[in-house]
Amino acid sequence: MGLMEQKQHFSVNLLDWYMINRRDLPWRRHHNPYFTWVSEIMLQQTRVDTVIPYFNRFIANFPAVQALAEAPEEDVLKNWEGLGYYSRARNLQAAARQVMELHGGEMPQDKQAVFALKGVGPYTAGAILSIAFNQPQPAVDGNVMRVLSRYFLIDEDIMKGSTRVLMEELAGELIPEGRARDFNQALMELGALVCTPKAPHCLTCPVMEQCSGRIAGRELTLPVKTKAKPPRPEQRLVALVEGRGKHRGQVLVRQRPATGLLARMWELPHVLAAPAAAGKVAGPLADEPAMALLAGSLWAEGFAARPEGLATHAEHVFSHIVWNLQVYKCTEQDQGSDELPLIAAEARAAYEVQAATKEMAASVLDAARSASDLDGEMLPEAAEASINSALTQTGKGDGLIYRWIGPKDMEKLAFPNVFLKLLSSYFAGAYDEVSE
DNA sequence: AACCCGGGGAT
DNA sequence: ATCCCAGGGTT
């Protein structure tokens, strides 16, 4: 059996299988390029079952390109809340504005024009052109690479750019005349339902007879993929500041900067506890120095708050960082009162007198040495530099926007999931009692 | 080419 | 716990 026959067997049988087994998905009910586009962006790094409710709500709120282009960015982010990779949402809206200005509100059918849209790369461009317009363009993602690497027994590392190019050439050759729309979706459908990463269902696969990977017993060792680096851990101290006086019933939140991690998302104020020393993992910080550091950083941002005690722990996992969060319940203090607690006074001094920062660093370092796995071999200068960077990292000149919010305000502001859960728990009455 | 960017479901 | 996912942007 030659390669030509193997390719034909693949295309014919896969397409036949798809026409019987295709799932009924919301974005497959119409040939609407906007629906295809939105769904493909949402489906980047996110599973179908997760996307469906988000897609339906998004289309209900932004039914066409123009509605998306004209919406406040805040509303778009709120509709994306919980999906992750929030730059996808910002890029999608920026691209909607491109489509309005450059193409009169209609998705272009030219490959270069589609590729030029923000957030649209090689995969998404191919997906839009093939699914929306039935153009014979390959749409190669990790799923397609898994299927092709197994069926054709391709040992190339799929993390390499050159492999994606090779796969695109191959995928393009496999598209049956006039059937790009169904065939590309069939390829992805097979990867999602049959040719799965861990336990492929080879016995029910429509192309198993000529699958070189299965015949060679390699289905579990393909595709070849270099392992990603493990995420670096970060210990962070979070302030859950309970308002008093005119802020009674409210909590202090802030908006992140316009660029970088979680851009423009809202969050509870937090600060890096201590960067890990070289080759070390930053462990939890003892409560006393943690609360001093937190009070100090809040003071630097213009807020007088007294930490009351540890409320809870939380974890937030990114692809490259793990946030280990120590959440402290704090109480807003009246700035005019003589009853500013000692800890806030110390924090004030620390930030008004630069030299006092060293005391903070020393106390944090002492606590870290005794409470964690720091072994004392760390150079004092290096430790001090680390602590200083932690102290100056938050805010200070960044012009972060702070707000006091109640439960109703949660409806408008977009939070990463970890803060969404913490705030929901708080407003539901959790953390009413904390350890002093 | 290497790194940056979330979150959840499956195993 | 570990792995994976219907990737794209930036440097």
Side-chain angles (χ1 to χ4, degrees), chain A residues 22-23 25-28 35-55 77 80-92 94-95 114-128 130-132 138-148 157-165 167-168 171 184-193 195-201 220 222-223 225-232 256-257 259-265 267 314-323 414-421:
Chain A
R22 74 193 287 270
R23 290 173 290 180
L25 302 174
W27 47 89
R28 284 182 178 166
F35 290 3
T36 301
W37 177 26
V38 171
S39 69
E40 289 300 336
I41 299 297
M42 286 187 171
L43 287 164
Q44 290 171 8
Q45 310 304 102
T46 309
R47 289 190 150 72
V48 166
D49 290 342
T50 304
V51 164
I52 289 174
Y54 280 92
F55 176 84
L77 279 179
W80 213 269
E81 182 181 66
L83 264 185
Y85 282 92
Y86 300 96
S87 63
R88 292 184 295 171
R90 290 192 303 277
N91 286 338
L92 180 61
V114 174
F115 190 78
L117 297 174
K118 292 274 286 181
V120 176
Y123 164 73
T124 308
I128 291 172
S130 60
I131 297 172
V140 173
D141 59 5
N143 212 343
V144 170
M145 288 201 275
R146 182 174 62 253
V147 171
L148 297 182
D157 184 347
I158 64 168
M159 296 302 281
K160 289 165 53 183
S162 58
T163 305
R164 197 204 72 225
V165 172
M167 295 277 189
E168 284 173 347
N184 279 356
Q185 293 184 85
L187 208 39
M188 295 186 269
E189 200 85 333
L190 189 75
L193 300 180
C195 198
T196 49
K198 294 272 182 123
H201 304 94
L220 294 179
L222 290 170
K225 184 178 179 179
T226 57
K227 262 196 271 189
K229 284 196 311 185
R232 68 173 185 273
R256 297 181 60 87
T259 59
L261 184 67
L262 299 170
R264 272 178 244 178
M265 300 291 283
E267 65 180 6
E315 185 183 68
H316 195 59
V317 181
F318 302 86
S319 48
H320 59 310
I321 308 172
V322 179
W323 280 353
F415 293 87
N417 256 352
V418 65
F419 296 113
L420 199 58
K421 287 173 183 171

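Note that the structure is a prediction, hence the values are computed from the model and not measured. The sequence lines fix the lettering, A, B, ..., with proteins before strands; numbering per chain opens at 1.
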Quick one: side-chain hydrogen bond (donor to acceptor under 3.5 Å, both in side chains) partners of [X], sequence neighbours excluded?
{"X": "A:Ser130", "result": "A:Asn184"}
{"X": "A:Glu267", "result": "A:Arg254, A:Arg256, A:His270"}
{"X": "A:Arg23", "result": "A:Glu189"}
{"X": "A:Arg264", "result": "A:Glu73"}

Pairwise 5' ranking along DNA chain C for A:Pro197 and A:Val140, keeping only the more 5' one
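Of the two residues, A:Pro197 wins.
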Table of protein N/O atoms under 3.5 Å from nucleotides 9-11 of chain C N/O atoms:
residue	atom	partner	partner atom	Å
C:dG9	OP1	A:Gly119	N	2.7

Check the side chains of A:Asn143 and A:Arg146 for a donor-acceptor pair under 3.5 angstrom, ignoring hydrogens and angles.
yes
Between A:Arg28 and A:Gln185, is any side-chain donor less than 3.5 angstrom from a side-chain acceptor?
yes
Is [X] touching bases, backbone alone, or none of the nucleic acid, heavy atoms closer than 4.0 Å?
{"X": "A:Arg28", "value": "base"}
{"X": "A:Leu420", "value": "nothing"}
{"X": "A:Arg23", "value": "base"}
{"X": "A:Arg164", "value": "nothing"}

Looking at residues at least two apart in the chain, or sitting in another chain, which of them share a side-chain contact (heavy atoms from CB on, under 4.5 Å) with A:Thr36?
A:Glu40, A:Ile131, A:Ala132
Suppose we screen for side-chain contact (heavy atoms from CB on, under 4.5 Å). Which residues come up paired with A:Lys225, at least two apart in sequence or across chains?
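Only A:Ile158, A:Met159 meet the side-chain contact (heavy atoms from CB on, under 4.5 Å) criterion with A:Lys225.
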Using whole Å, report how far [atom1] of [X] lies from [atom2] of [N].
{"X": "A:Met145", "N": "C:dC4", "atom1": "CE", "atom2": "C1'", "result": "13 Å"}
{"X": "A:Asn143", "N": "C:dC4", "atom1": "CG", "atom2": "P", "result": "13 Å"}
{"X": "A:Leu25", "N": "C:dA6", "atom1": "CG", "atom2": "P", "result": "12 Å"}
{"X": "A:Met159", "N": "B:dC3", "atom1": "CE", "atom2": "P", "result": "11 Å"}
{"X": "A:Ile158", "N": "C:dA6", "atom1": "CD1", "atom2": "C1'", "result": "13 Å"}
{"X": "A:Leu220", "N": "C:dC3", "atom1": "CG", "atom2": "P", "result": "15 Å"}
{"X": "A:Trp80", "N": "C:dG7", "atom1": "CH2", "atom2": "P", "result": "13 Å"}
{"X": "A:Ile131", "N": "C:dA6", "atom1": "CD1", "atom2": "C1'", "result": "8 Å"}

Separation of the [atom1] atoms in [N] and [M], to the nearest angstrom:
{"N": "C:dT11", "M": "B:dG6", "atom1": "P", "answer": "16 Å"}
{"N": "C:dA6", "M": "B:dC5", "atom1": "P", "answer": "23 Å"}
{"N": "C:dG8", "M": "B:dG8", "atom1": "P", "answer": "22 Å"}

Along DNA chain B (nearest heavy atom to each residue), the more 5'-positioned of A:Lys160 and A:Ile321:
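First, find each residue's nearest nucleotide; the 5'-ward one identifies A:Lys160.
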Identify, with sequence neighbours excluded, every residue that meets ring-ring contact (aromatic ring centres under 6.0 Å, His included) alongside A:Tyr123.
none
Spell out protein contact along nucleotides 6-11 of chain B as letters: B when the base is contacted, S when just the sugar-phosphate is, - when no protein heavy atom is under 4.0 Å; keep the 5' to 3' order.
BBB---
Is the gap between the ring centers of A:Tyr85 and A:Trp80 under 6.0 Å?
no
